[in-house]
*Asks:* 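One structure is given below, represented as structure tokens, and several questions about it will come after.
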Amino acid sequence: MSCIFCDIITRKIPAEILYENECALSILDINPIHYGHALIIPKRHHRDFLEVGTDELSGIMQAVHTVSHALVKAFKLEGFNFFANNGAVAGQSVFHFHIHVTPRYHNDNIRFVLHLKRYEMKAMEETAAIIRSAITDLSMPLMRSHT
Ligand code: 5GP
Ligand code: ZN
């Protein structure tokens, strides 16, 4: 299956490469929110964040950290965002996991349009309990493999 980001990683197609380490490549996004908007792309093909191996996480985040520092220094930024879209419903358009890092400026009128809710009655503690239980289920096989 063809993948534009795999083709960039293997240099089959060109990109403005900013940074590279063992796990990740960083390039300029072709349609930036602001000039300097960067992408950090794991070298291994993963559809989304859930597929990324735990052995790759620190390398990927180290690249995000380095590129964030560089953007702040290069453009004298007061702030920046980093984010990742996972799944079409969340706005993902390239299905090779990547993290966006983008400069932010005063009055740049970029807004994530949010309609914030309030938890009703016991919904907050119920929601937390559901998530904690899912985390326990996730860690079960890990704990078993350690014994
Ligand atoms: P997503 O929508 O999946 O979170 O982000 C995909 C990003 O990849 C978009 O911001 C888009 O502009 C960028 N993009 C898509 N194709 C290319 C390309 O060929 N080269 C570069 N540099 N960026 C790309
Ligand atoms: Zn890929």
Side-chain angles (χ1 to χ4, degrees), residues 1-120 123-124 126-142 145:
M1 208 189 72
S2 77
C3 169
I4 192 113
F5 286 174
C6 283
D7 287 349
I8 287 173
I9 286 158
T10 55
R11 290 6 183 217
K12 259 190 232 149
I13 66 164
E16 282 298 340
I17 294 172
L18 303 174
Y19 179 75
E20 180 170 18
N21 67 20
E22 210 177 294
C23 299
L25 185 76
S26 179
I27 63 169
L28 281 182
D29 192 305
I30 206 164
N31 289 130
I33 292 172
H34 287 301
Y35 282 12
H37 176 172
L39 302 173
I40 286 75
I41 307 170
K43 289 186 174 173
R44 283 195 227 150
H45 180 95
H46 303 295
R47 185 179 169 80
D48 60 28
F49 183 59
L50 297 182
E51 284 193 358
V52 175
T54 50
D55 57 327
E56 297 166 83
L57 291 175
S58 66
I60 293 167
M61 288 316 290
Q62 186 265 313
V64 171
H65 200 242
T66 297
V67 171
S68 300
H69 268 294
L71 290 179
V72 167
K73 185 172 179 182
F75 302 113
K76 299 180 173 43
L77 302 180
E78 288 182 31
F80 62 95
N81 289 115
F82 66 84
F83 61 93
N85 301 320
N86 288 274
V89 74
Q92 187 174 5
S93 62
V94 175
F95 292 88
H96 176 136
F97 176 70
H98 51 281
I99 297 175
H100 298 253
V101 185
T102 186
R104 293 300 306 272
Y105 298 98
H106 288 290
N107 305 317
D108 63 9
N109 275 327
I110 292 164
R111 296 271 177 280
F112 295 99
V113 181
L114 302 176
H115 302 286
L116 300 181
K117 298 177 179 170
R118 278 178 186 281
Y119 283 105
E120 286 170 28
M124 194 167 183
E126 284 165 8
T127 303
I130 291 167
I131 297 166
R132 280 193 293 264
S133 159
I135 290 170
T136 306
D137 289 351
L138 282 176
S139 48
M140 285 296 210
L142 287 177
S145 73

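Everything numeric here is computed off the predicted structure, so don't read it as measured data. Read the numbers this way: they start at 1 and go in the same order the structure lists the ligands and their atoms. Atom set for the values below is all heavy atoms of this structure, side chains included, hydrogens, waters and symmetry mates excluded.
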*Asks:* In terms of relative ring orientation, are F83 and F112 parallel, tilted or perpendicular, with 30° and 60° separating the classes?
*Replies:*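 Judged by the thresholds at 30° and 60°, the geometry between F83 and F112 is perpendicular.
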*Asks:* Can you list every pair that meets side-chain hydrogen bond (donor to acceptor under 3.5 Å, both in side chains) and has a residue in residues 55-64, with sequence neighbours left out?
*Replies:*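 Pairs touching residues 55-64 that pass the test: Y19-Q62, N21-Q62, R44-D55, R44-E56, H46-E56, Q62-T66.
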*Asks:* Please determine if the Zn ion (ligand 2) has an N/O/S atom from H46 lying under 2.8 Å away.
*Replies:*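 Given the 2.8 Å cut-off, H46 does not count as a ligand of the Zn ion (ligand 2).
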*Asks:* Do the ring planes of F49 and F97 sit parallel (below 30°), tilted (30 to 60°) or perpendicular (above 60°)?
*Replies:*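 Because their plane-to-plane angle lies in the 30° to 60° range, the rings of F49 and F97 count as tilted.
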*Asks:* Looking only at atom types and distance, does a side-chain atom of H115 sit under 3.5 Å from a main-chain N or O of V113, one as donor and one as acceptor?
*Replies:*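 Between the backbone of V113 and the side chain of H115 there is no qualifying donor-acceptor contact (under 3.5 Å).
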*Asks:* What do you reckon, is CZ of R47 surrounded by more than 12 foreign heavy atoms closer than 6.0 Å?
*Replies:*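 Atom CZ in R47 is not crowded, with 12 or fewer foreign heavy atoms closer than 6.0 Å.
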*Asks:* Anything with a heavy atom under 4.0 Å from ligand 1 counts, so go ahead and list those protein residues by chain and number.
*Replies:*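 Near ligand 1, by chain and number: I4, F5, I8, I27, L28, D29, I30, N31, L39, N85, G91, Q92, S93, V94, H98, H100.
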*Asks:* Measure across L25 and I8 and return the closest heavy-atom pair with its distance rounded to 0.1 Å.
*Replies:*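 Nearest heavy atoms, L25 then I8: CD2-CG2, 3.9 Å.
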*Asks:* Between the side chains of H100 and N81, is a donor N or O closer than 3.5 angstrom to an acceptor N or O?
*Replies:*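 The answer is no; no qualifying pair exists.
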*Asks:* Need the atom name: nearest N/O/S atom of H45 to the Zn ion (ligand 2).
*Replies:*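 The H45 atom nearest to the Zn ion (ligand 2), restricting to N, O or S, is ND1.
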*Asks:* For H96, what is the atom name of its N, O or S atom nearest to the Zn ion (ligand 2)?
*Replies:*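 Considering only N, O and S atoms, H96 comes nearest to the Zn ion (ligand 2) through ND1.
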